[in-house]
Structures are given as structure tokens and as C-alpha cells.
Chemist: 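Quick one: the structure is below, questions incoming.
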Amino acid sequence: MVTAAAAALLWTACSDNEETPPEQPRTPSVELAAGTPGTTTLTFTATSTDAQKCAYTVIEAGKTMLTAQEILQGGGVRTQPKRNTNR
């Protein structure tokens with residue numbers, strides 16, 4: 001009987017091929033850091049994380065505001081997204 005139980009344990013298989021759940025999409029974010037204001041200039045740093053695209057635009061007072069889609073399609077200055085290394 002002990003032999004039969006041992007044999008049953010030997011033929012019991014455990015799967016090493018468990019499916020890994022798909023990685024959940026990360027929420028994109030943008031961090032703005034102030035730079036140095038000048039008389040006619042303003043510097044800043046925009047750092048994006050987990051974003052496919054990142055863009056910004058400057059709009060003069062009294063001008064029509066662009067939509068996010070318009071800015072991303074060429075109405076803004078594009079920046080390279082920072083790759084997230086914490087995966």
C-alpha cells in the first residue's frame with residue numbers, strides 16, 4: 001500500500017508553465033521643474049514617464065487654446081518620453 005501511494009505521488013505532475021498575468025498598463029505622468037525666468041525667456045524641464053508622446057505649446061494671451069490632440073499632432077514642441085526602468 002505504501003508502494004502504491006509512493007507511485008501515485010510520482011505520477012502526479014505539477015505544471016511549471018503557469019501563465020503570467022499580463023502586465024497592467026501604467027498611468028503616464030509628467031513632472032515639471034521650474035528653471036530660470038529671464039526678461040523675455042522662461043526655462044523649465046518637462047520629464048515624462050510611461051508615455052508614448054509628450055508635447056507642450058505656448059499660447060499668447062487672447063489666442064485660441066489648442067486641444068491636446070492638436071498639440072500632439074504638431075502644434076507643440078515634442079519631447080522624448082523617459083523610459084521607466086522600474087519594471
Side-chain angles (χ1 to χ4, degrees):
M1 181 133 156
V2 173
T3 306
L9 288 174
L10 289 175
W11 285 304
T12 304
C14 294
S15 175
D16 289 337
N17 298 331
E18 293 181 24
E19 286 190 32
T20 307
E23 187 173 318
Q24 296 297 314
R26 296 177 184 258
T27 303
S29 65
V30 176
E31 181 181 322
L32 296 175
T36 309
T39 306
T40 59
T41 61
L42 173 65
T43 61
F44 64 93
T45 302
T47 305
S48 63
T49 304
D50 295 320
Q52 291 179 341
K53 293 181 181 179
C54 182
Y56 67 92
T57 190
V58 177
I59 301 171
E60 293 181 44
K63 298 290 181 174
T64 303
M65 179 71 113
L66 298 173
T67 66
Q69 184 175 5
E70 290 170 329
I71 294 169
L72 287 170
Q73 288 178 343
V77 178
R78 298 183 190 283
T79 63
Q80 283 294 352
K82 176 181 151 186
R83 299 222 187 271
N84 189 351
T85 57
N86 298 328
R87 289 186 181 235

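Count residues from 1 along the sequence.
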Chemist: Output all residues satisfying side-chain contact (heavy atoms from CB on, under 4.5 Å) with Gln69, sequence neighbours left out; order by chain, then residue number.
Modeler: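 If we apply the side-chain contact (heavy atoms from CB on, under 4.5 Å) test to Gln69, skipping adjacent residues, the hits are Thr67, Gln73.
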Chemist: Side-chain polar contacts of residues 28-38 - donor-acceptor pairs under 3.5 angstrom, sequence neighbours left out - could you list them?
Modeler:
none

Chemist: In the hydrophobic clustering (ILVMFWY, side-chain contacts below 4.5 Å, transitive), which residues join Met65, or is it alone?
Modeler: Ile59
Chemist: If you define the side chain from C-beta out and look only at heavy atoms, does anything of Thr47 sit under 4.5 Å from Thr45?
Modeler: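 Yes. Closest side-chain heavy atoms under 4.5 Å.
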